[in-house]
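See below for the structure under consideration.
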2 protein chains.
Amino acid sequence: MITRTDIFVQTLRQAGLRLTPQRLAICRLLATTARHPTAQMIYDALRPEYPSLSLATVYNTLDVLVQLNMIHALGSAGDDAEHYDGNTDPHINLACISCHRVIDLEAPRVQTLEEEVAANSGYHLLGARVMYYGLCPECQQRVPQTTEPATP
Amino acid sequence: MITRTDIFVQTLRQAGLRLTPQRLAICRLLATTARHPTAQMIYDALRPEYPSLSLATVYNTLDVLVQLNMIHALGSAGDDAEHYDGNTDPHINLACISCHRVIDLEAPRVQTLEEEVAANSGYHLLGARVMYYGLCPECQQRVPQTTEPATP
DNA sequence: ATTACTGCAAAAGATTTGCACTAGG
DNA sequence: CCTAGTGCAAATCTTTTGCAGTAAT
């Protein structure tokens with residue numbers, strides 16, 4: 001059975017890039033997680049296993065993977081840091097601007113949308129970022145009003 | 001006739017915020033332009049008219065406008081700077097990662113998509129970012145191959 | 001008159017870069 | 001071997017912050 005990690009590895013090889021343990025670890029993390037980590041999160045997550053890992057290497061690898069279109073850069077989730085998505089299939093991302101978590105949302109409609117854009121725009125598409133911002137159900141309970149201050 | 005600028009002004013007033021010349025100028029720019037400027041671009045554009053304008057004020061105002069949902073923050077267009085969109089109607093943004101320009105693309109489909117997300121996600125939606133990345137027709141001619149280096 | 005807003009300069013953070021060393025192929 | 005990739009530290013660049021002065025209401 002071919003895992004998503006295998007595809008990452010294969011793509012790196014095909015591009016003539018070296019498969020270092022650091023790259024493998026980062027690929028495995030991104031291929032496996034449903035999270036949408038930032039560079040720092042990846043660094044923190046792998047540090048225990050690779051104590052010598054450098055944040056610069058994480059950024060390097062993320063750039064490489066974005067170039068190869070293996071992952072997408074989603075932009076900030078209200079925390080001023082780039083979040084990365086290991087899932088490049090057309091789908092929706094939902095970011096909570098309070099807890100800064102990002103979740104995926106399947107939507108067949110998006111698939112069609114992407115094809116439509118590719119067909120009609122004249123652009124050579126290289127990536128997508130379909131992201132909605134808001135408050136997740138939990139954070140809505142925690143912070144009931146956004147525009148008004150708490151009742152005095 | 002009520003202009004888009006008027007709506008900006010009205011919304012600021014309703015929120016109990018002061019209508020300073022700086023804010024007015026920034027609102028007018030965002031309400032008028034089809035561009036998707038960064039803070040720096042706005043600063044540069046208004047500097048001739050408001051020589052005392054501060055970049056900090058631009059950032060301040062942009063934050064205010066995003067909070068009031070008058071504009072959307074689109075994230076980077078390959079230039080590591082936040083681009084702002086004065087048009088909050090559901091639509092698609094197309095960014096060229098070579099010339100860093102962002103254009104709008106109407107797509108009735110997106111309207112439906114947003115409603116669908118709002119209805120099914122349980123999230124309290126506050127903003128959207130439907131962005132596709134690629135090479136615009138002009139930049140495709142300028143840089144025909146992205147993956148291969150120029151012929152030696 | 002109040003106090004929100006501005007402008008400046010300094011600070012904070014995220015990301016990038018230069019360079020010597022290491023290791024994948 | 002050979003050079004791509006790593007790790008470190010310093011640099012860069014965008015965005016934020018603290019604060020005193022200014023001006024909108």
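Proteins come first, then strands; the chains are lettered A, B, ... in the order of their sequence lines, and each starts at number 1. Predicted model only: the values in this text are computed from it and were never measured.
Side-chain atoms of B/Q140 come within 3.5 Å of backbone atoms of A/G122 as a donor-acceptor pair (strictly under, hydrogens ignored). Judged by distance alone, with hydrogens and angles left aside, the side-chain atoms of A/Q111 form no donor-acceptor pair with the main-chain N or O of A/P90 at under 3.5 Å. At least one donor-acceptor pair closer than 3.5 Å links the side chain of A/H36 to the backbone N or O of A/V102.
Read 5' to 3', the first and last nucleotides of DNA chain C with an atom closer than 4.0 Å to a heavy atom of chain A are C/dA14 to C/dG25. Contacts between chain B and DNA chain D, taken as any atom within less than 4.0 angstrom of a protein heavy atom, begin and end at D/dT14 to D/dT25.
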Name every donor-acceptor pair, under 3.5 Å, that has one atom in a side chain of residues 50-65 of chain A and the other anywhere in the protein, sequence neighbours excluded.
residue	atom	partner	partner atom	Å
A/S54	OG	A/A56	N	3.0
A/T61	OG1	A/T57	O	2.9

Please tabulate, for side-chain N and O atoms in residues 7-30 of chain B, each donor-acceptor pair with protein atoms closer than 3.5 Å (sequence neighbours left out).
residue	atom	partner	partner atom	Å
B/T11	OG1	B/I7	O	2.7
B/T20	OG1	B/R23	N	3.2
B/R23	NH1	B/R18	O	2.9

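The hydrophobic cluster of B/M41 has no other members, since no ILVMFWY side-chain heavy atom comes under 4.5 Å of it.
Sequence order on DNA chain C of the closest nucleotides to A/L17 and B/D80 puts B/D80 first from the 5' end. Comparing A/G16 and B/E82 against DNA chain D, the residue whose closest nucleotide sits nearer the 5' end is A/G16.
Taking A/R101 as the reference, A/E138 meet the salt bridge (charged side-chain N to carboxylate O under 4.0 Å, His left out) condition, with sequence neighbours excluded. For A/E116, the salt bridge (charged side-chain N to carboxylate O under 4.0 Å, His left out) partners two or more places apart in sequence, or in a different chain, are B/R109.
Using five terminal pairs a side, the axes of the helix from C/dA1-D/dT25 to C/dG25-D/dC1 at its two ends make an angle of 50°, given in steps of 10 degrees.
Under 3.5 Å, the side chains of A/H72 and A/D85 contain no donor-acceptor pair of N or O atoms.
Near DNA chain D, meaning a heavy atom under 4.0 Å from it, residues 35-59 of chain A has A/S52, A/L53, A/S54, A/A56, A/T57 in order of number. Within residues 21-33 of chain B, the residues that place at least one heavy atom under 4.0 Å from DNA chain D are, in residue-number order, B/P21.
Between A/Y133 and A/A77, the closest heavy-atom pair is CE2-CA, 4.2 Å. A pairwise comparison of heavy atoms in B/A95 and B/M131 identifies CB-CE, 3.6 Å as the closest pair.
Pairs of residues two or more places apart, or lying in two chains, never qualify as salt bridge (charged side-chain N to carboxylate O under 4.0 Å, His left out) while including a residue from residues 64-80 of chain B. Within the structure, salt bridge (charged side-chain N to carboxylate O under 4.0 Å, His left out) contacts touching residues 125-137 of chain B (residues at least two apart or in different chains) are B/E82-B/R129.
Using a 4.0 Å heavy-atom criterion, one finds that A/D79 contacts no nucleic acid atom at all.
B/L125 and B/I92 fall within the same hydrophobic cluster, where Ile, Leu, Val, Met, Phe, Trp and Tyr residues are linked whenever their side-chain heavy atoms come under 4.5 Å apart, directly or through other members. Clustering ILVMFWY residues whenever any of their side-chain heavy atoms sit less than 4.5 angstrom apart, transitively, puts A/L94 in a cluster other than the one holding A/L135.
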